[in-house]
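Structure first, then comments.
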Amino acid sequence: MEFPNNFLWGAASAAYQVEGAYNEDGKGLSIWDEFSQIKGKTKNNTNGKIAVDFYHHYQEDIKLMSEMGLKAYRFSVSWSRILPDGEGKVNQAGLDFYEKVIDELIKNNIEPVVTLYHWDLPEKLQEKYGGWENRKLIDLFVDYCRILFEKFGTKVKYWVTFNEQNVFTSLGYRWASHPPNVSDTKRMFQANHIVNLANAQAISAFHKLVPNGKIGPSFGYGEVYPLTSSPADVLAAVNANQFNNDWWLDVYCYGRYPERILRLLKKMKLDFEITSEDSKVLKTAKPDFLGINYYHGGTVKAPNIDKVRSQKDFNKTDPYLMAADNQDTSPESYLFESVENPYLEKTSFGWEIDPIGFRIALRQVYEKYQLPILITENGLGAFDKLENGKIDDQYRIDYLNDHLVQVGKAISDGVPVLGFCAWSFTDLLSWLNGYDKRYGFVYVDRDDYSSKDLTRIKKKSFYWYQKIIESNGRKLEVK
Ligand code: BGP
């Protein structure tokens, strides 16, 4: 197990989750500023108005990064800080802020990795155009990206287009648990297609403007296992991997959707418009790397179609048509049924812990798409305890150690991994779980009810990661 010498040992964050200063220095509101106002949508109605105030603490935080020896820091730009209305006049103060952050990182030998979209669409674009359901957003996104490419293209080498498109389209348009608070499967697929086009157009624009840079999307990947070796379960896992993973990655890398899923959507009347121009756009844009966010995968068994059929009493002969009229029936019903994995333990937030799944994921993604991989997120959300001014987060060390060992093994297997950005550097706001679900190497003293004094305290894991970086992974413990 050997990590390359220039391996990017990093950490990651997102604007809404760390910055705060939600309405300062000309910033416009984002859809998350609005959504978090709806009672009951987030834990204890937490929001990112102050977050962990990276906006005012960035120098202190970057100093800690430098002390740790961090080689890369992934952060996102808030679109409405650059363009308060999402379009039109540029807010110079917003550009200045990111320039200061980038310069400070570079001064400390930390490679900035910039995410262009980590879910905080300018609210004005939602109000005026209906957000990602409108093709107008494609050009507007590219216009916004161009501003950043032109301004920072010489300083920033690594760029991420969209963070976890699979997550924000599903939670935003299907499950109404993210903005814009919609639950309509058909609208989700339509919006998702428009985001795909925006992703492709932004990549093409980037390649013209920043020929020496590298760009790719960050995808939330999880390998799906069959529950048993029964061929029906194995088929269900093939289906699930197509539906959960290939549905996005094939588009990013090959410019086309998996046929099996397209056919199913058509039968269910969940299909969406793909023009011949769209196909061309998707085919011409190629990412330079794939960003992979890995937390866990899934396990499935064969779906029980009879159960699906009996859910509705009309058109029993054609379950696809039936599903189209039944909001409760989903494409998944025909493809797989999710189950618990009897071999895996869970975090205190109920997420399966599966380090070997990480190695499998990296191998599968590379073998299929032949692109270098930048791990843009991986980490453990836990309730940390501050005791006598200290945080003993040995569980986080164990989690990261075991995952990094598998990354090392995947590298030995031949997967080109550019770097690893742990989620996260400081504690930050969890979108739906407030401030108690902590991921950082650095504790931030605040909770759901009060931003307190936002003191930064190094956790035990801070010193551990420092050691791992210094030894270029040689101090990882292979158990
Ligand atoms: C990813 C997001 C991150 C982060 C992480 C942890 O999906 O890209 O922004 O939030 O998950 O998730 P959570 O905060 O729900 O625990």
Side-chain angles (χ1 to χ4, degrees), residues 166-167 170 174-175 185 188-189 219-251 253-254 256-268 270-271 292-313 315-324 326-347 349-369 402-403 406 409-410 413 415:
N166 50 332
V167 173
S170 308
R174 189 172 180 198
W175 305 117
T185 310
M188 174 196 73
F189 284 114
F219 183 72
Y221 189 92
E223 189 68 25
V224 187
Y225 308 131
L227 180 64
T228 72
S229 56
S230 137
D233 285 351
V234 175
L235 177 63
V238 170
N239 287 339
N241 278 305
Q242 280 199 333
F243 188 76
N244 293 355
N245 296 318
D246 307 355
W247 179 252
W248 283 275
L249 292 176
D250 282 9
V251 177
C253 301
Y254 304 144
R256 55 162 165 73
Y257 291 94
E259 197 55 43
R260 167 32 178 157
I261 309 296
L262 272 185
R263 285 177 185 221
L264 174 63
L265 297 188
K266 198 156 189 207
K267 281 188 171 166
M268 294 181 76
L270 292 172
D271 53 332
I292 293 294
N293 294 356
Y294 177 80
Y295 292 92
H296 58 80
T299 305
V300 297
K301 64 178 187 179
N304 181 349
I305 278 291
D306 290 337
K307 196 168 92 195
V308 179
R309 283 204 179 97
S310 66
Q311 277 172 13
K312 209 69 177 150
D313 50 11
N315 210 339
K316 288 213 168 95
T317 52
D318 189 341
Y320 294 112
L321 281 183
M322 179 193 79
N326 183 356
Q327 270 295 313
D328 303 331
T329 311
S330 53
E332 289 94 323
S333 321
Y334 303 100
L335 300 170
F336 59 89
E337 188 178 327
S338 292
V339 291
E340 292 209 348
N341 188 313
Y343 299 98
L344 299 174
E345 287 183 7
K346 290 186 178 157
T347 70
F349 283 85
W351 291 19
E352 282 174 352
I353 305 174
D354 182 13
I356 294 178
F358 204 177
R359 181 180 180 183
I360 300 172
L362 294 169
R363 290 252 298 265
Q364 295 281 58
V365 171
Y366 179 63
E367 290 303 335
K368 200 150 176 208
Y369 302 107
D402 296 352
H403 283 75
Q406 297 301 326
K409 290 188 178 185
D413 294 337
V415 182

Report yes if some heavy atom in the side chain of [X] is under 4.5 Å from a heavy atom in the side chain of [Y]; otherwise report no.
| X | Y | answer |
| --- | --- | --- |
| P303 | E332 | no |
| Y295 | T347 | no |
| I360 | Q406 | no |
| L344 | W351 | no |
| V415 | V365 | no |
| T228 | K301 | no |
| V339 | Y225 | no |

Exercise for the section: Evaluate the ring planes of W247 and Y257, with Trp represented by its six-membered ring, and classify them as parallel (under 30°), tilted (30 to 60°) or perpendicular (over 60°). Expected result: tilted
Problem - Worked verdict on K267 versus Y334 for side-chain contact (heavy atoms from CB on, under 4.5 Å) - result: CA-CA 11 Å; K267 281 188 171 166; Y334 303 100; over 6 Å; no
Say you draw a straight line from [atom1] of [X] to [atom2] of [Y]; how long is it, rounded to the nearest 0.5 Å?
| X | Y | atom1 | atom2 | value |
| --- | --- | --- | --- | --- |
| D402 | F358 | CG | CZ | 12.0 Å |
| L264 | D271 | CG | CG | 10.5 Å |
| E345 | I353 | CD | CD1 | 6.5 Å |
| N244 | L249 | CG | CG | 11.0 Å |
| I292 | Y366 | CD1 | OH | 13.5 Å |

Exercise for the section: Verify, without hydrogens or angle tests, whether D233 (side chain) and P226 (backbone) share a donor-acceptor contact under 3.5 angstrom. Expected result: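 No; judged by distance alone, with no hydrogens or angles, the pair does not exist.
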Exercise for the section: Examine distances only and state if a side-chain atom of Q242 and a backbone atom of R260 form a donor-acceptor pair shorter than 3.5 Å. Expected result: no
Exercise for the section: Would you please name every residue forming a salt bridge (charged side-chain N to carboxylate O under 4.0 Å, His left out) with D246, sequence neighbours left out? Expected result: K368
Practice task
Please identify each residue that fulfils salt bridge (charged side-chain N to carboxylate O under 4.0 Å, His left out) with E259, with sequence neighbours left out.
Solution key: R263
Handout entry: Neighbour count >12 (heavy atoms, 6.0 Å) for atom CD1, I356
Key = no
Exercise for the section: For F336 and L227, run side-chain contact (heavy atoms from CB on, under 4.5 Å): C-alpha distance rounded to whole Å, both residues' side-chain angles, the deciding distance at 0.1 Å, then the answer. Expected result: CA-CA 11 Å; F336 59 89; L227 180 64; over 6 Å; no
Problem - Heavy-atom closest pair, residues T185 and P331 - result: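 Minimum heavy-atom contact is CG2-CD, 4.4 Å.
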Practice task
Identify the heavy atoms of M268 and S330 that sit nearest to each other, and give their distance.
Solution key: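 Looking at all heavy atoms of both residues, the shortest contact is CE-C, 3.7 Å.
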Completion exercise
Per side chain to side chain contact (heavy atoms under 4.5 Å, CB included), V224 is matched among V300, T299, N239 by V300
Handout entry: For N245, all residues meeting side chain to side chain contact (heavy atoms under 4.5 Å, CB included), sequence neighbours excluded
Key =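 By the side chain to side chain contact (heavy atoms under 4.5 Å, CB included) rule, N245 matches F219, Y221, N241.
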